[in-house]
Amino acid sequence: KEYRFPEGFWWGSATSAVQIEGAADEDGKGMNVWDYWYQKEPNRFFNGIGSQVTSDFYHRYKEDIKLMKELGHNSFRFSISWSRLIPGGTGKVNEKAVEFYNNVINELLENGIEPFATLFHFDMPIEMQNIGGFENRKVVEYFAEYAKTCFELFGDRVKRWITFNEPIVPVLGGYLYNFHYPDIVDFKRAVQFGYGTVLASARAIEEFKKLKINDAKIGIVLNLSPVYPRSNHPADLKAAELADLFHNRSFLDPSVKGEYPKELVEVLKAYNHLPEYKEEDLELIKDNTVQYLGVNYYQPLRVKAKENMPNPYGVFTPNWFYDEYIMPGRRMNPYRGWEIYEKGIYDLLKRIKDEYGNIECFISENGMGVEGEERFIKDGIIQDDYRIEFIKEHLKWVHKAIEEGCNVKGYHVWTFMDNWSWLNAYKNRYGLVAIDLKTQKRTIKKSGYWFKEVAENNGFV
Ligand code: BGP
């Protein structure tokens, strides 16, 4: 069978500032939560590696963008670092940062690569976090100012904007499951922070619309997981519905439909955990929905009803309502501990078509992290056939979704070159291009050559 994609399909990859730029204390950049956390607790990071240097994109963007072109990219998602552009989060713009992002954007355009710019990819300036992050309405406003500054500085050339990458991750990681700063467990604050993020995204969209940049679009990137119940037993179905509410609908519904899911409001109310809100917030959310949607897909969520009633004095978390279910015989990526289930991407896209007005969307991340890839080197190249297989099988399902009328405009692999990841640092490698951490030398992997073919032929057979 031939898998050809619609004309003008976006082929490329995604990444983020903290994970590739390095130059963490150079040219006037302020500190973000990752710089701060590393300074405080370096041992929490895999092999004690922090985000100071990462893949050194700050100094090597020219050569990297050339390589992107070489690999058939017609688009690339990067993020702007708030603490680099406006050290401290509010106040004066750092001219060195303006110069850097101008250079990156211009270089991309000169190479025929459409820049997709994310405003927030997990990197809160520490000063903003110290006053509560998005729990604090002042920070929501500072974020809106920062967003407006970005549109004014780069909006003449960047036509694809993203307010947030995976907004639920800092909520879960920072306030419930200890894998992001501030590394606390507090459900009420988690809910408030998440709610503030919804407001911040809507405020950024509001600022964007005021500027009337007609040929540009603004969206959000969500990590969606299809939720599959263990059985059709009503208790399992209920568990799946609750998991879906927390993991998917809590950001999907406000972003696309402009409303908070009523069912979520009821659950939070019942447990006295409704965020503090004002009537005008609801108007803001309603009036500022996204113009397109990025879908990050890695793994499904399989759930069952809770078997033991949770201890009422225990920590209240989303999965207080359900248990994760390990399906017998499921296929795994053993390195990341994530299930591989390609059809999940199709189920998500169909749902967006049927329940979310078939809003324009694209796959904004999908990829496979593997440890110790050097052992697959032959003839100087990492023979990552597993990654080719992973991407190809997902693309087949994306193709089927498009054939059935889903409004999918592109596919971005996670990621272009091996990069630093949050607490895992360089443990799992996701790149189409390998990086030697000692020398920063870039070497294309087999999957990189394969991806180039696919992108240049707009599909594969
Ligand atoms: C997504 C993030 C990315 C990236 C990716 C891979 O959740 O948007 O920043 O890191 O997942 O996950 P990880 O690096 O944790 O293996």
Side-chain angles (χ1 to χ4, degrees), residues 12-22 32-34 37-38 44-47 49-51 54-55 57 76-82 116-124 162-174 176-181 197 201 219-225 247-248 251-252 293-301 332-340 344-345 348 362-373 384 386-387 390-391 394 411-435 437 447:
S13 55
T15 186
S16 81
V18 178
Q19 296 179 272
I20 60 166
E21 283 181 5
N32 61 42
V33 286
W34 296 96
W37 201 13
Y38 181 71
R44 292 286 291 276
F45 295 78
F46 184 75
N47 278 350
I49 300 176
S51 57
T54 64
S55 309
F57 183 71
F76 173 63
R77 180 164 73 99
F78 64 101
S79 78
I80 296 171
S81 156
W82 185 359
F116 282 54
T118 309
L119 296 170
F120 190 96
H121 196 127
F122 307 167
D123 55 346
M124 180 79 75
I162 306 280
T163 58
F164 281 84
N165 176 79
E166 303 191 348
I168 200 163
V169 170
V171 175
L172 299 176
L176 290 172
Y177 302 117
N178 302 95
F179 59 91
H180 275 229
Y181 192 75
T197 310
S201 179
I220 195 164
V221 162
L222 302 177
N223 50 319
L224 301 178
S225 295
H247 284 270
N248 298 319
F251 283 96
L252 187 56
L293 181 68
V295 177
N296 292 358
Y297 173 65
Y298 290 93
Q299 58 172 344
L301 195 57
M332 293 291 288
N333 167 2
Y335 307 99
R336 190 62 182 82
W338 286 346
E339 181 181 345
I340 300 177
I345 206 165
L348 282 175
F362 75 116
I363 300 301
S364 39
E365 283 183 29
N366 176 231
M368 188 181 185
V370 173
E371 201 175 339
E373 286 195 297
D384 53 346
Y386 42 87
R387 181 169 290 111
F390 182 99
I391 300 175
H394 282 88
Y411 176 91
H412 282 177
V413 62
W414 185 270
T415 179
F416 174 62
M417 57 186 168
D418 292 342
N419 66 19
W420 185 86
S421 162
W422 321 112
L423 288 182
N424 279 334
Y426 277 90
K427 179 172 173 282
N428 301 315
R429 307 295 181 99
Y430 282 86
L432 297 174
V433 174
I435 294 216
L437 285 187
S447 60

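Just follow the structure's listing: the first ligand is 1, and inside any ligand the first atom is 1. Predicted, not measured: the structure shown is a model, and the values here were computed from it. Sequence positions, counted from 1, serve as the residue numbers for this chain. We use all heavy atoms of the structure for the numbers below, so side chains are in, but hydrogens, waters and symmetry mates are not.
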- With backbone taken as N, CA, C and O and side chain as the heavy atoms from C-beta onward, which portion of Trp420 lies under 4.0 Å from ligand 1: side chain, backbone, both, or neither? neither
Can [X] and [Y] be counted as having a side-chain donor-acceptor contact under 3.5 angstrom?
X: Tyr430; Y: Thr15; result: no
X: Asp384; Y: Ser447; result: yes
X: Arg77; Y: Thr118; result: yes
X: Asn366; Y: Tyr411; result: yes
X: Ser79; Y: Ser16; result: no

Can you tell me which residue and heavy atom of the protein come closest to [atom], and the distance to 0.1 Å?
atom: atom 12 (O) of ligand 1; answer: Tyr430 OH, 3.4 Å
atom: atom 7 (O) of ligand 1; answer: Glu166 OE1, 2.5 Å
atom: atom 15 (O) of ligand 1; answer: Arg336 NH2, 2.9 Å
atom: atom 14 (O) of ligand 1; answer: Ser421 OG, 2.5 Å
atom: atom 5 (C) of ligand 1; answer: Tyr298 OH, 3.4 Å

- Note, Glu166 side chain near His121 side chain (heavy atom, < 4.5 Å): no
- Message: Below 3.5 Å, N or O to N or O, backbone or side chain included: is there any such pair between His121 and ligand 1?
- Response: yes
- Query: Does an N or O from Asn165, backbone or side chain, lie closer than 3.5 Å to an N or O of ligand 1?
  - Reply: yes
- Message: Using a 4.0 Å cut-off to any heavy atom of Trp338, which atoms of ligand 1 qualify?
- Response: 12 (O)
- Taking only Lys NZ, Arg NE, NH1 and NH2, and the carboxylate oxygens of Asp or Glu, determine whether Lys427 and Glu371 approach each other closer than 4.0 Å. yes
- Message: I want to confirm something. Looking only at heavy atoms, which of Met368, Arg429, Gln19, Glu365 is nearest to atom 9 (O) of ligand 1?
- Response: Gln19
